[in-house]
Each structure stands twice: as C-alpha cells, then as structure tokens.
Number of protein chains: 2
Amino acid sequence: MTRRLAEVAKKVGVSEATVSRVLNGKPGVSEATREAVLTALDVLGYERPTQLRGDRARLVGLVLPELQNPIFPAFAEVVGGALAQQGFTSLLCTRTVGGVSEADYVDLLLQQQVSGVVFAGGFYAQADAPHQHYELIQERKLPTVLVNAAVDHLGFPQVSSDDYVAAEMAIGHLRALGHLRIGMVLGPRDHIPSRRKLEAYLAADEADPKLVEHTMFSLEGGHAAATRLVNSGVTGIVCASDILALGAIRAVRRAGLSVPGDVSVIGYDDSAMMNCTDPPLTTVRQPIDAMGRAAVDMLVALIERAVVPADELLFEPELVVRASTARARI
Amino acid sequence: MTRRLAEVAKKVGVSEATVSRVLNGKPGVSEATREAVLTALDVLGYERPTQLRGDRARLVGLVLPELQNPIFPAFAEVVGGALAQQGFTSLLCTRTVGGVSEADYVDLLLQQQVSGVVFAGGFYAQADAPHQHYELIQERKLPTVLVNAAVDHLGFPQVSSDDYVAAEMAIGHLRALGHLRIGMVLGPRDHIPSRRKLEAYLAADEADPKLVEHTMFSLEGGHAAATRLVNSGVTGIVCASDILALGAIRAVRRAGLSVPGDVSVIGYDDSAMMNCTDPPLTTVRQPIDAMGRAAVDMLVALIERAVVPADELLFEPELVVRASTARARI
DNA sequence: CCTAATCACGCAAGAATTTGCAAGCACTTG
DNA sequence: CAAGTGCTTGCAAATTCTTGCGTGATTAGG
C-alpha cells in the first residue's frame, strides 16, 4: 500500500513504468494516458519527492568568509535577489574572527533544514583547510554550489571566474604598457584561485618567481607584500583582490613613489567604489552578477532534483582600465 | 517507560532506527515516513527535540536594509563578532529589491525561534513606513534592539549615534573654514536621523531651508541632489552618508568645479575605504564598534531577562578631517 | 490484403532509496 | 566499574523507481 507508483499505476490501470515516465516527463506516453496518470496523481495526493520539505523549506544558506571586501556584500546582494525572485529566502552566514566557523554554519544550516547552500570564498578554496564539513553535506545530499575555484576532490558543481584568463589579462595589459618587471601579490599559497593566477604568471615571458608574494587578503597584507616587491624594483604589480591593490598603492606611496607614474597597480574583482579611489583602480572585473545568477539557477535545479553536472562553469572576467596603470618609465 | 524512540517507533510501525534518523534530520528516510514520525511525535506529546523547537536557539537575527553602503557590512561584522563572543550565532537578513521585506524577515525569525533581533537602518527609522511587524515582535516579547533613531512610538531600547551633534560638527567644521553657503543632502523626509540632522542645520546661523535636499541613499541620489545645490552656489555640502558624499563629489566635478578647491564635501559614517577615495573624504564617524557592542550587550541582557531601559543610548560621533574639505574661496 | 513504420506500453533487469537488524556508543545507576 | 538504558549507525535486505528492450497495435503505403 505504500508502493506509491504501484498504487497510482493500479488506479489508472497502467504499469509502474508508465507512471514513472509521466512523473519524469519522459517521452513514449500517449497524451491521454499522461492526463489520466496526472489526474490520479492529484486524486491520490501523490507528491514528487523533493528537497522542499516541511515549512522550513525555501531557505537557502549563503556562506561568506567576510564582509570587509566589498565584493562579498555585493555578491550577497546578487544571490539574495536572485533567490528571492525564485521564491527562496537567503540566510547570510559570515565567519567572524574567533567566532563561528564554516563547519558551525554547516551544522546550523543542516539543522534549519535549508533547501540548499551557496558557498563563496570558503575553505573549499584552500587546499590546507579542513574539509570534513563538506563531506557532511554530501552525505546529506544537500544541494550545494561553490563559487570560485575549489580543491578538486569535492564533487560539487561550481561557478567560477576564470582566474587564469584574469591574470593573463592583467599581465598582458602591463606588458603592453611596456612593463618588464611585473610582480604579483597573491593570497595564501594553498588558495586555489591564487594558484591559478600564479600559473598564468609563470607562463608569461617576464615571469620571475621571486617577484611573487603570498599574503592574507587584507589591506595590510597587500601593503607589506607590495613593499617587498617595490624594493625588488618592480614597475607593475598585479594583485589578487582590490583590497590588496589598495594596500599596494599605499605601499608604493609610502616608498616615495607614485601610482601610476612610477609603479602601475592592477586589482581584481572590481568591487564597488573602485572608481572613486585615488587613483581610480585599473582592475579585472569578476562578472558577479552573471555568476550569482548562474549559481542560483544551478542550485534551484539541484533542489528540484534536476541533474546538474558537477563540474565548473567558468566565467570570463573583463579588464577595466582606469588610472592606476600607465606606460612604464624607461 | 521513557523509551521515547521505542514508543514512537511502535506507534508509527517502524524501527527505532528510523525514528532516530528522523529526529536527527538524517537522510535515508522517505518523506512520507518522516511526516508520519513527526506527527506521532506531536500526538504523543513529545517535544520535537532541539532541532525544530526550543532552546537550540542561541540564534540572533540581524536585519539590515542593504549591503551597498559599506557601513552595513561593517556593522554586521561588529555585531556578528560580538554575538559570537557571547555564544550566539547571527543570522544576517538583508532586504533585496523586489525580494524579501522586513516583515517577511520578522516572520522568518519568529519561526526560527531566534533569541533576539537587532535592527539597523530599518523601517522603524522612517515615519511613513509600515510598522505592524514591530508590534508582532512586541506581542511575542522577543528581545529586540534598534540601531539609530527610530520613530518614537515603538518601545524598544535603542543604540544611536547622535545625529544632531554629527551635523553640528560637520557644519561647524565648514564654518570654521569660512564657508557661508552650506548645503545639505539628506535621506528621505520621513527618515528620523535625517530629520535630526536637519534640526541641527536649521539651528545654525547660515541655515537656509532652500539649501536642503532630500533623496534616496544612493550615489546617484547624492549626485542629483548635489547638482542642484551646486547650481544654487553652495561652497560646502554636508551629506547624510558617505555614499551620498561620493555622489556629491562626482556632481561637483561634473559641474566643472573641484573638491575641495571650489566646493567642500563632508560625508557621514566613515565607512571603509573612505581614506582611499579621491580626495580622501572628510566625514563624521559613527562609532560602530562601540555601538555594535552596546547593542549586543543590551540584547544579551534582554535575552537573559534583565531589565533594560527602553530608551535611547546616544553615542558621540567624531569628525574625521581628510582632504575633501578646505578653506572657502573668498 | 500484406508489409513496414511508428508508437504506446509492459516486462524485467538493475539503480536507487528506504528500512530494520544488530552492534556500538554515551550516559546513568546501583 | 559493571550493568542497564536509550540512542546512533554500518550494513545488508527489502522496497521502490527507472530504463532498455521487445511486443503488439495501429496506420500508411504498396
């Protein structure tokens, strides 16, 4: 009696196979039969199994590492808006210093019976960070989408901007301006997007591994790293975030040089207000709008049990030339 | 016979194992069975343990209007951190265009059985906005703290920065620099903090009601309002947010004038990166760190049933002089 | 009227999910 | 600290769903 398909099948007088095909919109069922099955489905109150259970449904977790870098609030707005349009409510979770960890948030979200989770800039992007909590998610089969490069042994669908191309663009721009000693300020060594950017750097002609600095994603980190680069005599600095770039600009000035007169600086993200900075920052824009939408689309598809390939959707970044880069001094 | 699992299992006709899995939200239980178990739980009068009910809470909602203005993410970090230190987890809720409203979030938070709510920049600050959802909160006696000036018929404790003093400081600074025609760009007319700033303005000697503009809190709003003021020949503009100020700077430049050469501009908030703008923005800092902590302290006190006076805790803002203000041209 | 093409459908293999058993863990009690 | 109680969990069995393939029916063409 609990054989749901069988029950419906009997009621309509068809085989389970046919009911299954109707349920999955498969071809090979006549219109008349389809109707009949659909009606019986309604009559018997059969509901397709779905992730959307109970009243706790329609909640989606959005896990971000911080809010200092304006790219994350911006991303939160895009994702929140897109989710709202699809009838979902987003719960924003941010790691805080000495506070709640990513794993804690995962517990919380599981407990709140969320329908899905979007991670951006999480531990999955760092090779040496703990990853057990992702396994927990997989175990529970909770629909999940990751934003920007993850370590590869996790089987979640991903939406990323193409770090390799982004770095190529930045380096290419500086080379076109005649820069020969180009330095790079990246995030931590185990940070996958930074690794990808590094690859692009090392593939370039002017590459010099000694001109690559790894640091925290903070203004101060950028400052410190850029100071070392300036001392090594670079004339161009490619940074892995806009915040790092602002730190780099400060470092260049602290060294008594000017941006872009003596040293050109390129950021990454194109977060808000980078056109109001001094100088307006040349940067590589992540198409966060498109990415956020794509992530939400994928997530909703997952929630509705559609099959989504667990691979990476790569978005093309865009070079935004403002005034922090200029022709190299000879 | 306190074997809850066994009893429930028997009632539903499943094994203890299955009941256990339902109770822990584990996967591998069909929706129908889950439902049945949950119902039996209710029928037998058992508390649905911790997950969907009860004290599991230690959850606090933080409701913000937007994330575009960096002051809000910054505030979220402060409050989130302070809450984490006290063992609470914060749920960040942001209104999104065409998406979830403040009232929706209140429903959600009530449903999630949060221990308390912190509102910042919400509808309570606008006289003409709907306020019914606050009544709902009061009815449920849910501990709540409001940040920055509210309409006064709501009886919640508040933590605010002193808008009157802030405006006085800004105006005083411009007067000291010799400015005689000072304009003001404020938020909507029904926005209480803006009204308080307006009061301070009207009390000043140079006050001219025709030089007060009301607008949306956006760069574009600031731009439009400031354009009108520049056309009226002001030499100083006091803005009600840093974003408005950036818009104002853009407007001054669009008019072919310079900041601070021809027109001085003062912001409000001192949000992140305002020292990286061109020119670095003179602004009045809200002590968000202290305010956030105070709000959390009050909230925690409320949650622990302490008596907290339902009045307004005023914080003194601080003038941060950078380079967007200068001596007036004679 | 026969042959071929097409389509709907069921059979049954097999994929996936659900469930109970029983071992094991955590905690309490004598 | 052993025994007991109540809950959790790994695993295999049972159940339920999906899908490739073949059958039969219906129709079109010859």
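Quick note: numbers below take in every heavy atom, side chains included, and nothing from hydrogens, waters or symmetry partners. Chain naming here is simple, since letters A, B, ... match the order of the sequence lines and numbering starts at 1 in each.
If you measure from atom CG of A/Leu23 to atom P of D/dT19, you get 11 Å, rounded to the nearest angstrom. Protein atom CD of A/Glu7 is 16 Å distant from nucleotide atom P of D/dT15, rounded to whole Å. C/dG10 atom P lies 15 Å from atom NZ of A/Lys10, rounded to whole Å. Whole-Å rounding puts the B/Glu16 CD to D/dG6 P distance at 9 Å. Atom-to-atom, CZ of A/Arg140 to P of D/dT8 comes out at 12 Å; the value is rounded to the nearest Å. Between the C1' atom of D/dT9 and the CG atom of A/Leu136 lies a distance of 14 Å, rounded to the nearest Å. When rounded to the nearest whole Å, the span between NZ of A/Lys26 and C1' of D/dC17 equals 11 Å. For the pair A/Arg34 CZ and C/dA8 P, the interatomic distance rounds to 9 Å; values are reported in whole Å.
Comment: A/Glu312 engages A/Arg196 in a salt bridge, judged by a side-chain N to carboxylate O separation of less than 4.0 angstrom. Using a cut-off of 4.0 Å between Lys/Arg side-chain N and Asp/Glu carboxylate O, A/Asp289 and A/Arg293 are scored as salt-bridged.
Between A/Ser30 and C/dC9 there is a side-chain N or O to OP1 or OP2 distance below 4.0 Å. Remark: B/Asn24 is in phosphate contact with D/dT8, judged by side-chain N or O atoms under 4.0 Å from OP1 or OP2. For C/dG10, one of the phosphate oxygens OP1 or OP2 lies less than 4.0 angstrom from a side-chain nitrogen or oxygen of A/Thr18.
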Sub-3.5 Å pairs of nitrogen or oxygen atoms, protein against nucleotides 11-13 of chain D:
none

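Among the atoms of the strands shown, base atoms are found under 4.0 Å from some heavy atom of B/Ser20. B/Val14 comes within 4.0 angstrom of the backbone, heavy atoms only, and of no base.
A/Glu66 places none of its side-chain heavy atoms less than 4.5 Å from the side chain of A/Arg95.
In this structure, the ring of A/Phe119 has its center less than 6.0 angstrom from the ring center of A/Tyr134. For A/Phe217 and A/His191, the distance between ring centers is under 6.0 angstrom.
Residues forming a side chain to side chain donor-acceptor pair (under 3.5 Å) with A/Arg195 (at least two apart in sequence, or on another chain): none.
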